[in-house]
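All remarks here apply to the structure that follows.
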Amino acid sequence: MANQFALRLIWQEISPAPFESAWSIFAKLQALNAMSPRRVHSIIADPSCKDVNAHVLAFRDSSWIDFDRFSNVLGVNESRLRAAFLDQLGFAHLDQSGRFGIKVCRECLEKGYHSVFFELGFVDICPWHHKKLEPPCDYCYSTVFRSGLKKSLNQINGSISTEVMWQRQYSSCKHIQFNDGLVGKLNGLSQVEEQSIYERSAELLRWWEIVSANPELANFLSQNSFDDRDEFRLRMLFGAAELLAGKCPWPVGITRGPVRTQRWCESKCDSADNAGGRVPRASDWDVVYRSVRRHIFSHYVRPHRDCWKELSSYCRSDTKRLDSDTCCPVSLAYSAWRMSVEHLRNFEGLKSEKLRSHPVLAMTLDRPQPTNSIRAHASLLYAYFFSIWGEILHHAGVNSFAIADSNAQWNRDLITAIYSPRGACNSGESGGEWTLVFAEPTALQRKSFVSCCGRSKQKYWMISSEIQEYWTDIWLGDGRDYGQPIFKLKKYERGRLRASYKYICL
Ligand SMILES: [Zn+2]
Ligand SMILES: [Zn+2]
Ligand SMILES: [Zn+2]
């Protein structure tokens, strides 16, 4: 078996180091053998794999590789090579088209090391050097993936003979550099350093094993990168992961807002007939909604009664020219939450007697497991309010932003729900425990108090004082359907409108 593949590539047995990324292995392979990515691909690809004609070195997905072959041509044990791929280590493989870039730690790179876990979007600090990883580099990605290393011939310093030339291979960004003439060890790590890498990586994997029992968390957190559209969800889901599995053993720069959980147990007999959607007033669902609404109003909105009186006196057109700095976050959250649940398209609907007969939203979940019980409805209504409030506080006074209603039922992404089939409860067969994770209310109260307290409260204080100017209604093209905005808030900075604005979708 060992000699099945006559071809051997040049390689040093000390590499790869523990959990060294496939990106790093492929870069070294190309340099040592002066080969293009296409050529390396043709040597290690599994001929029966359907993507085999891609001819690129896809280092974030190992499904196209024949590991037997790979291990033979390098003379390295297969398990060391498998550990270079996230999908082999229990991370979901996601289609990352359009999301590129490699994050590196320069100090690790100097020793010829790049960890496979640097490929995770949430890892942004090197745990060995305690330095922030550099922002994702597209050149690093494309050089190893498709285009190959650049080459140049150099003369050794001080040499008179023109025959003493060595080749330099590098990426345009210079993160990757190999000098043929000066090549030392591919792996410059000491044994102690390797041991520390092994231990910290194993800790992270143990943590991930617990987190990944929940598919929603696992799929989201396995991504290679996150942008600011994901920010809210990242904070919430990372908070949820830490709640489940304890603090992440690696340093991570994500701001974790305090979170609260709400749990309930459910068995099959709890499900109601209603399959989601809208339910009539005066039904059990509506009774629950009204009691949650009363609770929210008296605990969270009443302390801002002046703000609430002011905001609710506005007309529809006023709500499109609110001021991001002065608008009361909790009154705004309460209005947006009610409009979404009561399915009101018009702010004035909140005050209209006629609309009191409108059907209300039944809050149900279809993933990770379907649930449509009254208990779920109550908890989701509650969590939904705090999620909206948290999102508003995230943007208020910082960005221009809009709250949009997508016309769908409600934005499932605003809520983090974890399901465990064998929860703490023993509610009989097919019972399970649900946990919702949302922003901690006391922290939201404190932030809103600071924002409203001591503000001079003349009439229309929440309305942008600038002369109405052109406010674009064209959605900034990021391919998402934001739906109709029900509120717009402007942020002025040094007299200028911050034109790039964020969306909160309900
Ligand atoms: Zn490092
Ligand atoms: Zn680079
Ligand atoms: Zn207020």
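Basis for what follows: all heavy atoms, side chains included, without hydrogens, waters or symmetry-related copies. Starting from 1, each residue takes its place in the sequence as its number. Atoms within a ligand are numbered from 1 in the order they appear, just like the ligands themselves.
- The Zn ion (ligand 2) forms the vertex of an angle spanning SG of C173 and SG of C137; to the nearest 10 degrees it equals 110°.
- Considering the Zn ion (ligand 2) as centre, the angle to ND1 of H175 and to SG of C140 is 100° (10° rounding).
- When the Zn ion (ligand 1) is compared with the N/O/S atoms of H129, atom ND1 turns out nearest.
- Between Q191 and Q195, the side chains place no donor N or O within less than 3.5 Å of an acceptor N or O (distance only, hydrogens not considered).
- Electrostatic pairing of D124 and K103 does not count as a salt bridge here, judged by no charged N lying under 4.0 Å from a carboxylate O.
- There is no side-chain donor-acceptor pair under 3.5 Å between Q223 and D230.
- Rounded to 10 degrees, the SG-metal-SG angle spanning C126 and C105 at the Zn ion (ligand 1) equals 120°.
- With the Zn ion (ligand 3) as vertex, C452 SG and C328 SG subtend 110°, rounded to 10°.
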After noting the C-alpha distance and the side-chain angles of W128 and S115, does the key distance pass the side chain to side chain donor-acceptor pair (under 3.5 Å) rule? CA-CA 11 Å; W128 301 286; S115 165; over 6 Å; no
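- The nearest N/O/S atom of H304 to the Zn ion (ligand 3) is ND1.
- With F386 as the aromatic partner, R260 does not meet the cation-pi criteria of under 6.0 angstrom to the ring centre and within 45 degrees of the ring axis.
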